[in-house]
Amino acid sequence: MERRADVSILEMTAVELGRKIKSREVSVVQATKAALEQIKALEPAVHAYVTVDEEGALKKAEEIQKKIDAGELTGPLAGVPVAIKDNMCTEGMLTTCSSKILYNFVPAYTAEAVRNLEKAGAVILGKTNMDEFAMGSTTETSAFGVTRNPWNPDHVPGGSSGGSCAAVAANECFYALGSDTGGSIRQPSSFCGVTGIKPTYGTVSRYGLIAYGSSLDQIGPIAKDVTDCAAVLETIASYDKKDSTSIPREDCDFTSALVDDVKGMKIGIPRDYFGEGLDKEVKDAILAAAKVLEEKGAIVEEFDLSLVEYAIPAYYVIASAEASSNLSRFDGVKYGLRAKEYEGLHDMYKKSRSEGFGPEVKRRIMLGAFVLSSGYYDAYYLKALRTKALIKKAFDKAFETYDLILGPASPSTAPRLGESLSDPLKMYLGDIYTISVNLAGLPGMTVPCGLDSRGLPIGMQLIGDCFQEKKIIRAGYAFERSRKYQGPAIAADPKAAAAQAQRGALCGNAREWEAAAAAADKRPADVGAGKEVRS
Amino acid sequence: MSKQYETVIGLEVHVELATKTKIFCGCSTEFGGAPNTHTCPVCTGMPGSLPVLNKQVVEYALAVGLATNCGINQYCKFDRKNYFYPDNPQNYQISQLYLPICHDGWVEIETSAGTKKVGIHEIHMEEDAGKLIHDEWEDCSLVDYNRSGVPLIEIVSEPDMRSADEVIAYLEKLRLIIQYLGASDCKLQEGSMRADVNLSVRELGAPQMGTRTEMKNLNSFKAIARAIEGERKRQIELIEEGKKVIQETRRWDDNKENSHAMRSKEDAQDYRYFPDPDLTPVVISDEWIQAVRDRQPELRTEKLARYQKEFSIPLYDAEILTGSKHMADVFEATVALCGRPKEVSNWLMVEAMRLLKEKEQEPDDMAFSPENLAKLIGLVEQGAVTRTVAKTVFEEIFANNVDPEQYVEEKGLKAVSDEGALRRTIEEIVAANPQSVEDYHNGKVKAMGFLVGQTMRAMKGKADPAAVNKIVKELLTGGAN
């Protein structure tokens with residue numbers, strides 16, 4: 001039997017599918033099966049997922065169909081299958097952060113944002129690949145193998161939410177959740193030609209999101225268009241008492257901003273974003289997009305944002321400092337990987353962490369421990385905090401004049417596999433347009449705005465003031481009206497995918513890694529090696 | 001010892017707060033419970049879990065700070081103290097370093113040397129760790145996170161104390177303040193109050209401080225006193241021998257009455273403190289501070305004055321009654337029931353204190369209910385039991401919290417008030433002891449005491465001694481007086 005997914009369903013956006021499910025034109029099981037078939041067909045070429053829960057998804061699909069039939073679930077996303085980045089806890093489902101150290105970690109609870117989706121009737125297909133602990137910009141630092149860009153398998157999907165963005169682009173889900181600490185939603189969205197929002201810090205609960213840089217992390221939606229993103233954000237945003245940094249908001253009706261009207265909207269283009277290092281094709285595409293908005297009635301001006309070059313060092317100091325502490329809990333004592341042979345406690349810690357963490361994570365833990373160590377705290381950590389405050393001030397000043405800031409999401413389109421890892425400093429510099437948004441706690445969105453001459457997507461970034469998601473949604477929606485959503489060829493053509501799959505050596509998912517590792521006797525085969533503490 | 005030395009002591013006191021739930025999650029703080037049953041993703045440091053501050057912890061810390069004359073940091077923060085140890089599930093402890101909630105306070109202490117002020121450097125809030133159990137038999141370690149996340153305050157004194165007496169007086173003072181505030185039960189033995197002693201010695205009059213050591217594992221006031229004496233001697237001996245005191249942490253062994261070094265300053269860890277990004281700063285308004293002030297219950301000094309004035313209780317007695325919050329509570333509750341403060345005070349001061357001493361217990365350990373003491377006092381007042389019987393009944397109340405009315409009834413301990421029955425018993429005793437009667441008549445007054453004693457024994461203490469005296473005398477003198 002030909003394994004061919006139902007392309008007509010797969011091409012729908014999440015909201016379109018939700019509507020068809022509501023009108024009983026498509027059943028939840030049908031949509032789930034279509035996505036699972038697509039996953040089967042495309043995963044060998046893309047490897048967007050770390051874990052696929054076929055059985056659970058189908059069971060859930062039936063349950064949700066019943067609830068929809070009973071009139072218990074009426075929301076726009078009821079029955080729509082979703083993929084979750086693997087750093088969000090899902091009760092009973094492997095949650096690895098794409099790290100060996102959590103290869104066997106099954107959480108006892110579900111992240112609040114995911115719970116919000118579940119309440120709205122989401123069907124979770126599985127967990128998506130990412131840079132290990134969200135540290136990276138290419139999804140190459142995953143311990144379970146790279147994810148390939150669906151537009152071109154020789155290129156990375158970006159990161160760290162590369163699995164989520166690739167899954168959306170490849171129609172392996174209808175929408176996905178990502179997390180963004182320094183651009184981890186916006187940059188891969190740009191590389192994969194999809195839309196993604198990083199909301200204002202505090203809008204979506206971080207409870208259950210395995211922390212990288214706690215003061216910067218935010219969960220956000222990744223989807224085919226702005227409408228989907230607005231609908232998903234509306235669903236996942238909530239005030240959560242379990243997260244002290246959660247902010248009560250009355251204005252989370254984001255879909256109300258889906259209006260094709262930007263007349264009189266003041267949009268600023270920071271000159272600092274268009275200097276050295278920006279790819280010419282990206283630059284042209286972004287300025288053309290700005291032109292589209294201008295033609296629709298927006299007032300577009302250039303201005304000087306300032307301090308842009310300080311964002312990267314400040315970010316890497318703050319995020320690494322927090323990470324060095326956040327990741328100390330992964331020690332082989334309670335769950336996750338424990339080294340097989342060790343002598344005493346100290347040695348167990350050392351070996352488990354040495355074996356469990358990859359090089360990029362180790363680099364950032366060391367950097368973070370260094371900047372927090374006595375004698376260096378003031379010179380690095382405090383200085384970075386001060387820089388962060390100044391960057392926020394610069395944005396505050398800009399938003400006195402402008403409704404929005406428009407610029408690129410990344411200096412270039414997706415690099416080739418292996419290109420970035422060889423030069424981490426260069427990779428860090430690639431985050432220049434996204435990082436300051438996290439430092440200032442602002443909302444930002446990437447909207448696709450064209451392809452480069454190699455056929456790789458280019459994304460435009462829209463940045464709003466705190467709590468001004470509606471403005472970026474409005475502008476993004478208006479821009480999107482000017483063009484049709486375009487996905488990569490393989491999304492609609494599994495045969496092309498099969499051909500692509502043969503081009504590269506492929507890595508399996510976490511379970512396969514686990515099996516391979518056990519077979520190679522690289523670690524204790526009994527999963528209970530680290531005694532789990534459950535409440 | 002030719003030279004004269006001065007001992008300089010500062011204390012770090014950890015107090016477990018009496019909140020119902022933990023500092024950053026909703027788990028119970030109750031003692032006991034099977035291992036890892038009072039836990040959740042937050043207090044076991046599960047990935048993705050986040051702390052949320054228990055407001056009551058701030059209230060208690062504020063109350064203690066205000067009662068110890070501290071300044072309040074109205075903008076205070078929590079910091080992470082990073083170190084690896086399995087009793088600490090996240091491998092960092094949430095504590096306060098940069099902006100602790102209270103600072104620069106003092107308490108006044110009283111010793112035989114007079115009164116003095118001991119400065120409080122700061123008070124900060126933090127979480128307790130779990131408990132490691134080393135199973136020697138199985139050669140493994142187990143961890144119980146029931147205590148993980150139990151709220152603590154750490155009270156750091158200035159190096160203002162000069163003797164063990166002063167240290168004990170300071171600890172007693174803190175204990176009473178905190179107990180009266182209801183912020184903790186402050187039991188050293190159970191670990192709800194723990195003190196680490198920082199001690200150095202210097203030649204009397206020397207301008208600079210000597211090198212200090214920190215002593216841990218002190219579980220009673222007596223152990224603290226012994227440890228101070230031991231460490232003082234050890235340091236002086238080192239100096240006299242021309243050796244140096246090393247700055248280090250030492251562990252006191254109260255059985256061996258000596259200490260050994262745990263770690264020196266050289267291997268002191270760098271805790272890489274930084275503000276916890278998962279918690280927002282605590283902003284304490286003037287109104288909040290005022291509200292905590294307004295709610296402050298009567299503290300010991302006020303109680304002491306009131307007992308003397310309102311109940312006419314002498315200072316010495318009032319000091320003992322208020323020397324434990326629990327004792328004062330029992331006193332007041334009993335007085336409220338029976339309205340006889342002096343009588344209640346006597347029972348507690350004499351009988352209760354005697355029994356506590358016999359059983360080597362603290363006033364906090366008294367477990368009987370004020371109702372039963374009040375009932376007993378009522379029985380004595382009505383003449384339903386004699387004082388002698390009442391004392392034995394009190395022992396039962398003290399030990400088993402029996403209902404005295406029921407107990408007296410069951411055991412048939414009611415005082416014999418029927419003079420006819422009493423007279424018959426005495427007549428029998430007088431008749432049975434002609435020798436004593438004769439002795440009495442021959443001028444041996446003591447003989448009467450013998451007869452009274454015999455009567456009391458026969459009546460099993462239930463007879464009123466005054467009545468017995470009267471009747472015996474009547475019978476001996478033939479009623480012709």
Side-chain angles (χ1 to χ4, degrees), chain A residues 87-89 95 97 102 105 107-112 205-211 213-217 240-246 318 321-322 324-331 333-336 345-346 348-349 353 368-377 381-382 385 531-535, chain B residues 24-27 35-54 78-94 97-98 130 132 134 139-146 148 268-282:
Chain A
N87 59 353
M88 290 171 226
C89 287
T95 300
C97 284
L102 285 179
F105 179 62
Y109 71 101
T110 297
E112 189 69 8
S205 168
R206 292 188 297 114
Y207 193 81
L209 170 69
I210 300 179
S214 313
S215 70
L216 308 164
D217 296 340
D240 182 6
K241 284 184 179 161
K242 298 189 294 303
D243 174 1
S244 309
T245 60
S246 174
I318 294 169
E322 292 177 3
S324 72
S325 172
N326 284 334
L327 269 62
S328 58
R329 74 189 64 206
F330 307 113
D331 59 4
V333 172
K334 304 170 289 288
Y335 46 78
L345 179 66
H346 191 78
M348 191 278 281
Y349 282 150
R353 287 168 66 83
F370 173 74
V371 299
L372 289 178
S373 55
S374 99
Y376 297 98
Y377 181 85
Y381 186 71
L382 274 191
L385 286 186
K531 264 183 197 143
E532 242 178 277
V533 179
R534 288 276 187 90
S535 56
Chain B
F24 297 123
C25 65
C27 290
N36 297 308
T37 50
H38 298 169
T39 56
C40 74
V42 177
C43 56
T44 53
M46 281 294 165
S49 65
L50 295 170
V52 176
L53 178 62
N54 179 346
F78 282 95
D79 302 296
R80 289 187 188 173
K81 179 182 184 180
N82 294 285
Y83 65 95
F84 278 77
Y85 204 63
D87 63 0
N88 174 1
Q90 315 151 112
N91 287 320
Y92 58 80
Q93 180 197 30
I94 305 178
L97 176 75
Y98 295 107
L132 280 185
H134 304 283
D139 190 26
C140 72
S141 298
L142 299 165
V143 58
D144 175 8
Y145 289 122
N146 282 354
S148 166
Q269 292 185 34
D270 181 351
Y271 291 118
R272 289 176 281 114
Y273 278 99
F274 77 108
D276 192 323
D278 288 332
L279 289 160
T280 47
V282 184

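Chain A is the first sequence line, chain B the second, and so forth, proteins listed ahead of strands; every chain is numbered from 1.
Annotation: A:Phe330 is not in aromatic contact with A:Phe105 [ring centroid separation under 6.0 Å not met]. Taking the six-membered ring where the residue is Trp, the centroids of A:Phe370 and A:Tyr376 are separated by under 6.0 Å.
When the candidates A:Ser215, A:Cys89, A:Gly208 are compared by the number of heavy-atom contacts under 4.5 Å with chain B, A:Gly208 comes out ahead. Listed options B:Pro89, B:Cys43, B:Gly26 were ranked by heavy-atom pairs under 4.5 angstrom with chain A; first place goes to B:Pro89. The most heavy-atom pairs under 4.5 Å with chain B, out of A:Met88, A:Lys241, A:Glu322, come from A:Glu322. When each of B:Cys27, B:Cys25, B:Pro275 is scored by its heavy-atom pairs under 4.5 Å with chain A, the top score falls to B:Pro275. If you tally non-hydrogen atom pairs under 4.5 Å between each of A:Ser324, A:Ser328, A:Ser214 and chain B, the highest count goes to A:Ser328.
Interface remark: A:Tyr349 contributes side-chain atoms only to the contact with chain B (heavy atom separation under 4.5 Å). Of the atoms belonging to A:Leu345, it is side-chain heavy atoms, and not backbone ones, that fall under 4.5 Å from chain B. Contact annotation for A:Ala321: only backbone heavy atoms (N, CA, C, O) come within less than 4.5 Å of a heavy atom of chain B. Contacts between B:Tyr85 and chain A at a heavy-atom distance below 4.5 Å involve backbone atoms as well as side-chain atoms. For A:Asn87, no part lies near chain B; criterion is any non-hydrogen pair under 4.5 Å.
Atom CG of A:Asp217 and atom CG of A:Asn326 lie 7.5 Å apart (nearest 0.5 Å).
Remark: the backbone N or O of B:Pro51 is not paired with any side-chain donor or acceptor of B:Asp278 at under 3.5 angstrom.
B:Arg80 places a side-chain heavy atom less than 4.5 Å from the side chain of B:Pro277.
Looking only at atom types and distance, the side chain of A:Arg329 has a donor-acceptor partner in the side chain of B:Tyr92 under 3.5 Å away. No hydrogens or angles considered: a donor-acceptor pair under 3.5 Å links the side chains of A:Ser205 and A:Asp240.
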